[in-house]
Amino acid sequence: MLQTPASPGPGRDDDPGRVPPWPDWMDDPAYLAARAADEDLDDPEDPPPPDADEAELGAEAAEILAAQERVAAVLARLGLTGELAAATAAGYGRRGPGMPGSAQSFPGVYASRASGFASGKPLDTAPGCLVLGQFAEEAAGDDDRYPGAGDDELAGAVAAWDRVEAYASSRKHAAVAELIRRRPAAGCTPQGPAQMPEAFDEFTPREVASVLGETRRVAEDTLLLAHELEVKLPGTKAAFRAGILNQRKAAIIAAATALLDPAEARAAEAKVLDGAGALTPPALRAAIQRAVMQVAPGQAKQRREHAAKQTRVERWAEGSGNAGLAGRELPPAQVLAADQRVTAWAEQLAKAGLDGGMDALRARAFLDILLGMDSRPLGSQADGTGTPPDPAQPQDPAQTQDPAQPQDPAQPQYPAPAPGGPLAGMIPPGFAGHVTLTVPEATVTGRADRPGELTGIGPVDPDLARDLAAAAARNPRSTWCITVTDQHGHAVGHGCARPARRRKPGAPAPPGFTFTRTGHPGPPGGYGTWRLTTGYQDLLIKIGPLSTADCDHRHEARGHDPGVMLRHLAEVRHATCTGPGCRRPAARCDFEHNIPYEAGGRSCLCNGNPKCRHDHRLKQHPRWNAEQLPDGSVRWTAPSGRQYTTEPTRYPV
């Protein structure tokens, strides 16, 4: 990489890393207006730009060509080798450039100094480096107003600066890694290809904290990330250096692979790097956790059990003057059960007339349950105990209007916790009737160790997935569905179970889960009829096609409301909101018609997908556009003209 600082002067010959001086006439409003109108400035009938003779035009044209050649030459001189070259070539899901569906690139000479940052142009696809920062600085102008730049070029400059920032951060971590080599812990010697000690001296974090003006915790995190990048994660290091990943995303990968050996860590990072740059941090965290569970399921279980020993409740002061309270490292199933109870009581508070949105009501319900209080208005409290009823138990509507005198909420009583609660780590009974657990068939039948997915939690390791599936089987209210995926993990078929036969009382239950094909053909174009035995019941599942490339509208609803089945299938195809980067669960989103129903759009899978309320409104904004593609993907076009595609959910395969 070029490491010499740029000279302060603009001279082209003395400083080959600088862009040549920009001709003044190219900033002329008349010229820019002509370019905006797509006029052919090479037409001999057109007058030359103001204040320019033919000789000057020839010289300036040569200068522009020279500048373009120098851009290519600089990119060729950037010293991309080894992992960095592979990272740049692969793209690794680069944010902005390289993303699927990026805005179309048009050849030609552009007027703006930022023209090289337009979609698909050399600077839009260049890796992060100091030279890229020099080009971006030149495009910004003296006042950082980017004269003459269109929205697309400005967006490209934003992405370029982000890559430069990541590049600078990666070089800082490389320097920290060299400090680790010079500050080994006692008894640790440099080893491996990176020549790094296994651990650093205990006072090194204090040294780094002092030089950075940071806390010791931040310094420790910096040291650990630098160590992991050198020893375990060459692909992540290369993507970080190229600006494809920023520091936060590199740290997410490093944290998830911390317990793996170098070979396992590289195998896990290889599963996510292809699209890591385009993923939001929460999506990347879920992807790398899933990859770790696939590569080393035993390590994933070990990490979960180790972290469970650090379970705790944290209290802190908010910057606003309020306070926060949260439980950390809790059993996933119990967290979901508790979350459902909070929501159920919040709904009771809403029915009783309490003001506020669901977030505020859930916060009030959270405190009610912890403190044994009842925040409903006095006339609507169901009992006189001052304790909210168990939302898991159905309430008698007649009892809801019980006129018994309620306790004064100003003098609440705090009853002792009820005895006999579930032990820590056990799965609370009944949870599976209320959540979506996605488990590969090979995992649940014991033929393979692949991670599952728990709505609201994320990836779960195979052992926990099997335990959750077994708990769900014991609950007669649980529903069972099967989703068929293609080689990319996209849903292409789906079916939900119905009872095949009930087992006679006292009849022995078959051990475990079985999943076998029957002789029935199933829905046309589908994947047949299958028998699922859970150990407690026998079920039949007819699996139909989910593709909408040639939609036959078999699931079309008659009116605007999609109905239960159509909404369910849309949520199977897209488990989260289809807004760019949004991770809100589809169950908490609207079913949004791509072509509005009022404009003749169908209430059908080929014309509908889940969008949260914010992205539903975004789609209706006149400067934004969203279109549903035949494969179910949603292509968004931003006001800048850049396009971003949300593909259907990728399930574990």
Side-chain angles (χ1 to χ4, degrees), residues 278-280 282-287 290 332 336 339-340 343 358-359 362 431-439 451-460 478-486 488-496 544-548 551 555-557 560-595 597 601-620 626-629 631-636 644-652:
L279 297 176
T280 62
L284 177 59
R285 183 176 293 107
R290 190 180 301 114
L336 282 171
D339 183 70
Q340 293 161 9
T343 299
M358 184 52 66
D359 284 342
R362 276 172 46 85
F431 92 96
H434 306 282
V435 301
T436 299
L437 171 66
T438 304
V439 187
E453 194 91 11
L454 196 57
T455 300
I457 296 294
V460 292
S478 294
T479 57
W480 298 87
C481 296
I482 297 293
T483 298
V484 179
T485 65
D486 60 16
H488 303 296
H490 296 148
V492 294
H494 186 77
C496 291
L546 201 58
S547 172
T548 55
C551 187
H555 300 296
E556 181 177 4
H560 180 276
D561 188 346
V564 175
M565 178 55 69
L566 179 56
R567 175 181 285 275
H568 173 67
L569 293 177
E571 293 172 1
V572 167
R573 185 170 63 185
H574 288 279
T576 60
C577 170
T578 56
C582 185
R583 295 275 296 165
R584 181 176 290 270
R588 294 164 55 192
C589 296
D590 300 333
F591 179 90
E592 198 270 338
H593 294 73
N594 184 60
I595 299 174
Y597 179 78
R602 295 176 180 268
S603 296
C604 186
L605 201 60
C606 62
N607 188 52
N609 54 78
K611 288 186 179 68
C612 69
R613 187 56 54 90
H614 176 274
D615 289 322
H616 194 155
R617 292 174 49 244
L618 178 68
K619 188 250 185 183
Q620 296 170 337
E627 52 184 322
Q628 182 170 317
L629 306 180
D631 67 350
S633 299
V634 179
R635 183 167 60 203
W636 294 79
Y644 309 94
T645 300
T646 304
E647 67 173 346
T649 296
R650 292 196 180 211
Y651 291 97

Check: H616/D590 side-chain N/O donor and acceptor closer than 3.5 Å = yes
Student check: side-chain heavy atoms of D486 and Y651 closer than 4.5 Å = no
Using a 4.5 Å cut-off on heavy atoms from C-beta on, say whether the side chain of L566 contacts that of L605.
-> yes
Shortest non-hydrogen contact from A575 to T649?
-> N-OG1, 2.7 Å
Side chain to side chain contact (heavy atoms under 4.5 Å, CB included) evaluation trace for R362 with T343 | CA-CA 6 Å; R362 276 172 46 85; T343 299; 2.5 Å; yes
Give a yes or no answer on whether the side chain of K619 reaches the backbone of N594 with a donor-acceptor pair at less than 3.5 Å.
-> yes
Please round to the nearest 0.5 Å and tell me the distance separating atom CD of E592 and atom SG of C577.
-> 9.5 Å
Which residues pass the side-chain hydrogen bond (donor to acceptor under 3.5 Å, both in side chains) test with T548, sequence neighbours left out?
-> R573
Here the pair of heavy atoms bringing A557 nearest to D561 is CB-O, 3.4 Å
Drop me the distance from T646's OG1 to K611's NZ, to the nearest 0.5 angstrom.
-> 8.5 Å
For H614, does the NE2 atom sit with more than 12 other heavy atoms under 6.0 Å from it, leaving out its own atoms?
-> no
Residues forming a side-chain hydrogen bond (donor to acceptor under 3.5 Å, both in side chains) with H555, sequence neighbours excluded = none
When the side chains of residues 578-589 are checked against the rest of the protein, which donor-acceptor pairs come out under 3.5 Å, sequence neighbours left out?
unit_1	atom_1	unit_2	atom_2	d
T578	OG1	N609	OD1	2.8
T578	OG1	P610	O	2.9

Parallel, tilted or perpendicular, as decided by the 30° and 60° cut-offs, for the rings of F591 and H593 | perpendicular
Calculate, to the nearest 0.5 Å, the distance between atoms NE2 and CZ belonging to H488 and R650 respectively.
-> 6.5 Å
Hey, does the side chain of Y644 reach the backbone of A278 with a donor-acceptor pair shorter than 3.5 angstrom?
-> no
So, Q628 side chain and G608 main chain: donor-acceptor pair closer than 3.5 Å or not?
-> yes
Do C481 and C496 pass the disulfide bond (SG atoms under 2.5 Å apart) test, and can you show the C-alpha distance, the side-chain angles, and the key distance before you say yes or no?
-> CA-CA 4 Å; C481 296; C496 291; 2.2 Å; yes
Can you name the residues that form a salt bridge (Lys or Arg N to Asp or Glu O under 4.0 Å) with R567, not counting sequence neighbours?
-> E571
Inter-residue atom distance L629.CG - T645.OG1, 0.5 Å rounding | 6.5 Å
Closest approach of Y597 to S603 (non-hydrogen atoms, all atoms of both residues) = CD1-OG, 3.6 Å
Check side chain to side chain contact (heavy atoms under 4.5 Å, CB included) between L618 and all other residues, then give those that pass, not counting sequence neighbours.
-> D615, W624, W636
Hits for side-chain hydrogen bond (donor to acceptor under 3.5 Å, both in side chains) against H574, two or more places apart or cross-chain, chain-then-number order -> none
Which heavy atom in L569 sits nearest to a heavy atom in H494, and how many Å separate them?
-> CD2-CD2, 3.7 Å
